[in-house]
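The block underneath contains the structure these notes are about, expressed in structure tokens.
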Amino acid sequence: MDIGSAALVVIDVQNGFVNHHSRHAVPAIVDLAARWSAAGRPVIFTRYVNHPGSPFERFFQWNRLREAPETDIVRELLDAAARAHAVVDKAGYTLFTPETTQLMREVGWTDLVFCGIATESCVLKSAADAFEYGYAPWIVTDASASDAGPDVHDAGLVVARRLIGTGQLVTTEHVMGQLATYAGFTDSWDGRLRGGRTPR
């Protein structure tokens, strides 16, 4: 994981997706987003909005998440979202709307680190699309959850291993370690620069 060229992508942590199955992941996501930002790295939030006549209505007869407060990002993450590099509204599963695809081209990130809800749908689809677009996708397993329950979360991870590789599934502990190493390196780099020595 190249933290220096990575963005954290927080997928759809919205009131309408947080329930007794998925709520446990919210504190981990809050902590991860805070530490990621503290390391000076960019965070992107996505927000799903269900439109009338959407495929979700036509094929699932599912008409939730049309408007606030269901579509709102959860209260615990509002401050982080306000400071985010971008908040992306989307009408489907994936992060890769035309706007975000263009954003990715412009900023030049190589790694995308995914967390959020739901593991088996929007997190999985975004990570698989990142893989196909040539990015290094990472899924933070304990900072992701399914609003349909732990069995569905686990099923999403099984498919993710098949689609993007077992090694691309990581824990928050692993990511925090990577962030600490990155922060230590940049602090050392900055210190050498201030001391007038050339970093090696």
Side-chain angles (χ1 to χ4, degrees), residues 1-48 72-81 83-85 87-88 90 93-95 109-131 135-184:
M1 183 182 296
D2 184 358
I3 295 290
S5 188
L8 178 70
V9 185
V10 181
I11 299 284
D12 300 357
V13 188
Q14 299 165 255
N15 292 327
F17 290 131
V18 173
N19 60 19
H20 64 287
H21 291 307
S22 57
R23 188 171 292 113
H24 70 277
V26 172
I29 296 166
V30 170
D31 191 34
L32 180 57
R35 295 194 185 204
W36 191 275
S37 293
R41 301 309 304 145
V43 182
I44 292 178
F45 280 78
T46 70
R47 186 170 49 199
Y48 169 76
D72 291 341
I73 291 170
V74 296
R75 176 182 50 81
E76 297 94 324
L77 283 165
L78 287 176
D79 287 345
R83 297 190 304 271
H85 187 88
V87 178
V88 177
K90 60 189 183 70
Y93 294 118
T94 187
L95 161 72
W109 299 320
T110 61
D111 291 48
L112 298 175
V113 181
F114 295 95
C115 63
I117 306 169
T119 312
E120 79 287 355
S121 54
C122 294
V123 173
L124 175 63
K125 180 67 162 62
S126 294
D129 285 351
F131 177 95
Y135 299 97
W138 306 87
I139 294 177
V140 188
T141 58
D142 53 342
S144 300
S146 173
D147 54 324
D151 291 346
V152 180
H153 165 79
D154 290 343
L157 295 181
V158 169
V159 177
R161 290 184 183 98
R162 296 284 294 171
L163 290 181
I164 66 172
T166 298
Q168 302 309 115
L169 276 61
V170 294
T171 63
T172 52
E173 182 179 10
H174 175 84
V175 178
M176 298 302 185
Q178 296 283 307
L179 284 170
T181 300
Y182 172 78

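This one's a predicted model, so the numbers in the text were calculated from it and none came from an experiment.
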Determine whether [X] and [Y] make a side-chain contact, defined as any pair of heavy atoms from C-beta on separated by less than 4.5 Å.
X	Y	result
F114	V10	no
K90	R47	no
S126	I11	yes
D154	T119	no
E76	P27	no
V113	V9	no

Where the side chain of [X] meets the backbone of [Y], is there a donor-acceptor pair that is under 3.5 Å apart?
X	Y	result
K125	A128	no
T46	L95	no
Q178	I3	no

Heavy-atom closest pair, residues [X] and [Y]:
X	Y	answer
S144	V123	OG-CG1, 4.3 Å
H21	A145	O-CB, 4.4 Å
R41	G4	NH2-O, 3.1 Å
A25	A143	CB-C, 4.3 Å
G116	I29	CA-CD1, 3.8 Å
A84	F45	CB-CD1, 3.7 Å

Spacing of [atom1] belonging to [X] relative to [atom2] belonging to [Y], to within rounding of 0.5 Å:
X	Y	atom1	atom2	result
S121	D147	OG	CG	7.0 Å
F17	D12	CZ	CG	5.5 Å
D129	Y93	CG	OH	12.5 Å
H153	E120	NE2	CD	9.5 Å
C115	L8	SG	CG	4.5 Å

List, one per line, each side-chain donor-acceptor pair under 3.5 Å for residues 160-173, sequence neighbours excluded.
from : atom 1 : to   : atom 2 : distance (Å)
Q168 : NE2    : P137 : O      : 2.7
T171 : OG1    : H174 : N      : 3.2
T172 : OG1    : D142 : OD2    : 2.9

Exercise. Between L32 and M176, is a side chain to side chain contact (heavy atoms under 4.5 Å, CB included) present by the stated rule, with each step listed?
Worked result: CA-CA 8 Å; L32 180 57; M176 298 302 185; 4.1 Å; yes

Exercise. When the ring planes of W109 and H85 are compared, do they come out parallel, tilted or perpendicular, using 30° and 60° as the limits?
Worked result: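 Ring orientation, 0 to 90° scale: perpendicular.
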
For this session: Output all residues satisfying side-chain contact (heavy atoms from CB on, under 4.5 Å) with D111, sequence neighbours left out; order by chain, then residue number.
Result: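 Partners of D111 under the side-chain contact (heavy atoms from CB on, under 4.5 Å) test: M1, D2, A6, A136, W138.
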
Exercise. Looking at residues at least two apart in the chain, or sitting in another chain, which of them share a side-chain contact (heavy atoms from CB on, under 4.5 Å) with N15?
Worked result: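 Testing N15 for side-chain contact (heavy atoms from CB on, under 4.5 Å), a comparison that skips the adjacent residues, returns P69, D72, V74.
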
Exercise. Does the side chain of S22 pick up a donor-acceptor pair with the side chain of N19 at under 3.5 Å?
Worked result: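 Yes, side-chain donor-acceptor contact under 3.5 Å.
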
